[in-house]
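Step one of this worksheet: look at the structure below.
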Amino acid sequence: MTATKLTSKSLGGNWGTILLPINKDGSIDFSKLNDEIDYLIAAGTDGIYTNGTAGEFYNITEDEYDKISELVAIKCRQENRLFQLGVSHMSPIITAGRLQRSVTLKANAFQLILPDWIPLNRQEQDEFMLHVQSLAKDTPLILYNPPHAKSKLDVSDFLRLETLVETLIGIKVADGDATWYQSMIPVAAKLAVFVPGHHLATGVKMKVAAGAYSNVACLNPRGAQKWWEMMKDDLEGALHIERLIVEFMTTVVVPFQKKGFSNPALDKFLAAIGGWASVETRLRGPYSSIEMSEVNEARKIAERILPKFLLAI
Ligand SMILES: CC(=O)N[C@H]1[C@H]([C@H](O)[C@H](O)CO)O[C@](O)(C(=O)O)C[C@@H]1O
């Protein structure tokens with residue numbers, strides 16, 4: 001079977017991340033991971049992706065990388081579900097290795113970051129992306145450029161890379177204010193732009209967002225999907241829900257961010273609050289995890305603020 005060919009026009013929607021169930025000794029619990037992938041597939045999100053930040057791509061061995069990618073690829077192909085494999089790594093050599101070993105898995109796309117120790121000048125960005133394109137063959141690419149990346153790309157970089165790299169179909173970025181959205185309209189005309197999950201309705205209203213690799217799907221993949229569907233025929237209603245999600249994030253999640261917990265710690269906390277996966281809050285060290293004992297209180301606040309469909313399992 002050939003993989004459905006994603007394009008900058010067809011790529012979009014609510015994508016659910018794989019989160020790693022980490023044992024006390026730091027190993028990955030593959031049996032729990034298995035169940036989690038089954039749940040995500042059954043939840044009916046537009047797609048599933050591996051090795052995002054929430055998948056702790058920066059802190060796994062190459063053997064683990066291969067095992068995770070294979071597991072997700074086999075299950076998603078069996079069930080005919082769209083999936084993307086993250087091949088990101090801070091080292092260009094490791095990214096290339098991940099890519100080369102994953103090409104046969106027939107992902108619908110690869111997600112990747114630029115090399116992330118020494119910032120890349122434009123020529124180096126171009127060279128890296130062309131190299132990756134040649135390794136990925138005809139599998140499309142999504143470039144992930146978070147605000148903490150060493151090489152921060154702007155509108156002109158995205159447009160240049162889109163012209164240069166034929167198989168680049170999307171980008172994942174943090175959003176900004178109305179001026180930012182305005183500036184991204186030319187990019188959105190050419191590439192599928194993914195914005196933070198909790199701002200997706202705004203992104204749609206501003207005619208920029210094609211979808212989200214979603215932290216709302218971390219909380220509840222089914223609920224996040226329902227919210228995305230709502231954006232198509234009741235955008236005002238979806239914007240109202242977004243305000244509730246943002247209120248929930250501000251009340252429950254941001255205080256942990258202010259204490260210094262990382263984004264993946266927050267994503268795992270969201271999943272534990274949602275309670276749909278057998279994933280707990282533990283991250284692989286040295287990164288700190290939010291204690292499971294915080295989950296009950298957070299869940300109570302979630303129940304007060306959020307609509308039922310975002311929490312029901
Ligand atoms: C608010 C937000 O968008 N969070 C997203 C983060 C950040 O983009 C990332 O932590 C920056 O490094 O990425 C993910 O964890 C990921 O790709 O797996 C998904 C999560 O929804």
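Just follow the structure's listing: the first ligand is 1, and inside any ligand the first atom is 1. One-based numbering along the sequence shown.
The salt bridge (Lys or Arg N to Asp or Glu O under 4.0 Å) check on K172 picks up nothing, with sequence neighbours excluded. Judged as a salt bridge (Lys or Arg N to Asp or Glu O under 4.0 Å), and not counting sequence neighbours, the contacts of R284 are E64.
Centroid-to-centroid, the aromatic rings of Y287 and Y58 come within less than 6.0 Å.
Near ligand 1, T17, Y49, G52, T53, A54, Y144, P146, H148, K172, P196, H198, Y213, S214, N215, N263, D267 each place a heavy atom less than 4.0 angstrom from the ligand.
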Would you give me the side-chain donor-acceptor pairs under 3.5 Å for residues 178-186, sequence neighbours excluded?
| residue | atom | partner | partner atom | Å |
| --- | --- | --- | --- | --- |
| Y181 | OH | D175 | OD2 | 2.6 |
| S183 | OG | W180 | O | 2.7 |

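Salt bridge R243/E247: absent, no basic N to carboxylate O contact under 4.0 Å. Of the charged side-chain nitrogens involved, at least one lies within less than 4.0 Å of a carboxylate oxygen, so that R160 and D157 count as a salt-bridged pair.
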